[in-house]
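Every chain is numbered from 1 and lettered A, B, ... according to where its sequence line falls, protein lines coming before strand lines.
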There are 2 protein chains.
Amino acid sequence: MLMGVAERKERHKEDLKREILDAAKSLFAEKGLEATSIRAIAEKIEYSPATIYLYYKDKNEIVHALHSEGFKLLVSHFEVLNHISHPFERLKGMGRAYIQFALQNPDIYKLIFNMEEPLKHVANCFEEWDEGDRAFDILLKTVGECQRLNYFNGFDAQQISFVIWSTMHGLCTLRTTGHLSHVAAAKANEQDIDQLMTSIFETFIIVLERLKS
Amino acid sequence: MLMGVAERKERHKEDLKREILDAAKSLFAEKGLEATSIRAIAEKIEYSPATIYLYYKDKNEIVHALHSEGFKLLVSHFEVLNHISHPFERLKGMGRAYIQFALQNPDIYKLIFNMEEPLKHVANCFEEWDEGDRAFDILLKTVGECQRLNYFNGFDAQQISFVIWSTMHGLCTLRTTGHLSHVAAAKANEQDIDQLMTSIFETFIIVLERLKS
DNA sequence: GAAAATTATGAACAGTGTTTAGTATATCGT
DNA sequence: ACGATATACTAAACACTGTTCATAATTTTC
């Protein structure tokens, strides 16, 4: 077999993996995770269901591929903010990026955070969540830099980082599951739900700012 | 038909509903939500799968019954704290109760919060989430009382309530999905995960206390 | 005890993820 | 160019799932 041919086939193979992933992503976004069948993905890319299994071991592997991709996207959103020199301003930017990511990719967000990962594969887990750890490290580092400017005085950087992550994650989760909208509606708060979310975020920022001594 | 007989049958019917619910709850806790089949529930109570459908319309109705029960349990955990006169102490108690509830009933917790409710039934939704709204109202009221003691000065009670809910919910969700453990492990923080969670909670309490003017 | 109403079920339907045996297709050495 | 070989693909089946429905068993009523 010629060298070039092998490459072309390899490329084609990668292309099909991408096609599968894209089809899966769009169907997940449209119908949800559980409601999307392998057969539906296969039909979308005009292949037999069995073909999917030549490119991905199972449905979980597809989910994890999207998981990994989603995380890299989130981290890339963070890295854009590196140019902001003031760490607290950067922290604010990260919060906004986090919210934006959750709102723009609600299904990927749920995929990443709201699902207990299949405990099985250990090796994979490490690889996947390296991204997660990196994201947390960026947060931790930023909080540390803030402390040198007298933010979060007297607090442990890691603890504060966990609190911040919890708050942002909780807010996004309540939003994407619809619970925020529900309670807001019950409180006759008819304003735009995203505006409510933004104002909650801003309140949180003010809370954090008050921790500056 | 005698009057007493009708009552007895009605009681039996209620008993079987309970049996189904208990079987479902234990199986959900053991195997998870999606992994538990109607057939498995039926086998556990030693009835035919079809029988389940004489007592519950669908699997969703079973889930919602547990949902409703779980919420009432949470609210009851809150109401025990009514005797605490100092509102901020009561708020702390609520936080602890919330965490305890999430840790002791992780599957019910996920059921309530981490699932987008089937959008279908409107009437049901209202009933179910009355409990949710009540829980939020209790929080809101407590925050309001705190403000009269100069806590959260200059903040809107509703906004602060949402921030508090977000933080607690985020913390519990990160815990029950295993993400907290993962990142903590990566940070070589080998201490007990529940202890970590408690200390994050305490840090959050200190943050809130700093908002007292 | 017979009739009527209630309660329980076996079997089936349409769907799921996944495996396998077998078929096309493309590449290879000659 | 052709037969052999390796690759890519798929139809069919398996063991599940939630759910329905006609039928059977049981209980209650008269």
Side-chain angles (χ1 to χ4, degrees), chain A residues 1-21 23-24 27-28 30-67 111 115 117-118 120-121, chain B residues 1-21 23-25 27-28 30-67 111 115 117-121:
Chain A
M1 191 200 264
L2 290 170
M3 296 263 270
V5 176
E7 277 176 40
R8 177 168 55 79
K9 295 201 82 174
E10 196 54 42
R11 246 198 333 272
H12 173 66
K13 195 155 184 167
E14 287 306 311
D15 284 353
L16 201 40
K17 285 195 89 166
R18 254 259 69 81
E19 269 190 73
I20 292 170
L21 230 54
L27 284 173
F28 286 167
E30 191 183 336
K31 306 237 185 196
L33 242 165
E34 316 287 337
T36 304
S37 66
I38 296 284
R39 284 170 175 85
I41 298 172
E43 195 175 353
K44 183 143 194 165
I45 61 167
E46 292 176 296
Y47 276 86
S48 157
T51 303
I52 307 268
Y53 289 86
L54 300 177
Y55 296 88
Y56 291 95
K57 190 177 124 285
D58 38 25
K59 197 180 180 182
N60 259 322
E61 197 166 297
I62 299 175
V63 168
H64 273 84
L66 289 175
H67 174 123
L111 214 72
M115 267 177 50
E117 43 221 315
K120 304 151 200 166
H121 46 105
Chain B
M1 190 199 266
L2 290 169
M3 295 264 270
V5 176
E7 274 176 40
R8 178 166 56 80
K9 294 201 79 173
E10 196 54 42
R11 248 199 331 271
H12 174 68
K13 195 157 184 166
E14 287 306 311
D15 283 355
L16 200 41
K17 285 195 88 166
R18 255 260 67 82
E19 269 191 71
I20 293 170
L21 228 54
K25 186 147 96 183
L27 284 172
F28 285 167
E30 191 183 336
K31 306 234 185 200
L33 241 161
E34 316 287 336
T36 303
S37 66
I38 296 284
R39 283 170 177 84
I41 298 171
E43 196 175 353
K44 183 144 195 163
I45 60 168
E46 294 177 292
Y47 276 86
S48 157
T51 303
I52 307 271
Y53 289 87
L54 300 178
Y55 296 87
Y56 291 96
K57 192 176 123 283
D58 332 85
K59 196 180 179 181
N60 259 322
E61 199 167 295
I62 298 175
V63 168
H64 272 83
L66 288 175
H67 174 122
L111 213 74
M115 266 179 50
E117 43 222 317
L119 318 146
K120 307 152 197 165
H121 47 107

Which donor-acceptor pairs under 3.5 Å do side chains of residues 47-54 of chain A form with protein atoms, sequence neighbours excluded?
from: A:Ser48; atom 1: OG; to: A:Ala50; atom 2: N; distance (Å): 3.2
from: A:Thr51; atom 1: OG1; to: A:Ser48; atom 2: O; distance (Å): 3.4

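For the pair A:Leu27 CG and C:dG17 P, the computed distance is 11 Å after rounding to whole Å. Atom OH in A:Tyr53 sits about 17 Å away from atom P in C:dA21, given to the nearest Å. Atom CD1 in A:Ile20 sits about 12 Å away from atom C1' in D:dA8, given to the nearest Å. C:dG17 atom C1' lies 11 Å from atom CD1 of A:Ile62, rounded to whole Å. At whole-Å resolution of the value, CG in A:Leu33 and P in C:dG17 are 11 Å apart. Atom P of nucleotide D:dG18 and atom OH of B:Tyr56 are separated by 16 Å, given to the nearest angstrom. Going from atom NZ of B:Lys57 over to atom C1' of D:dG18 covers 12 Å, rounded to whole Å.
In this structure, B:Tyr55 does not reach the C:dT7 phosphate: none of its side-chain N or O atoms is under 4.0 Å from OP1 or OP2.
Scored by the side-chain contact (heavy atoms from CB on, under 4.5 Å) test, A:Tyr56 finds A:Lys17, A:Ile20, A:Leu21, A:Glu61, A:Ile62, A:Ala65 as partners (sequence neighbours excluded). Scored by the side-chain contact (heavy atoms from CB on, under 4.5 Å) test, B:Glu19 finds B:Leu16, B:Ile45 as partners (sequence neighbours excluded). When the side-chain contact (heavy atoms from CB on, under 4.5 Å) test is applied to B:Lys31, the partners found at least two apart in sequence or on another chain are B:Ala35, B:Thr36. The side chain to side chain donor-acceptor pair (under 3.5 Å) check on A:Lys44 picks up A:Ser26, with sequence neighbours excluded.
Note that the CG atom of B:Asn60 and the NE2 atom of B:His67 stand 11.5 Å from one another [nearest 0.5 Å].
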Strictly under 3.5 Å: I want the nitrogen or oxygen pairs between protein and nucleotides 10-17 of chain D, one per line.
from: D:dT10; atom 1: OP2; to: A:Ser48; atom 2: N; distance (Å): 2.8
from: D:dT10; atom 1: OP2; to: A:Thr51; atom 2: OG1; distance (Å): 2.6
from: D:dT17; atom 1: OP1; to: B:Ser37; atom 2: OG; distance (Å): 3.0

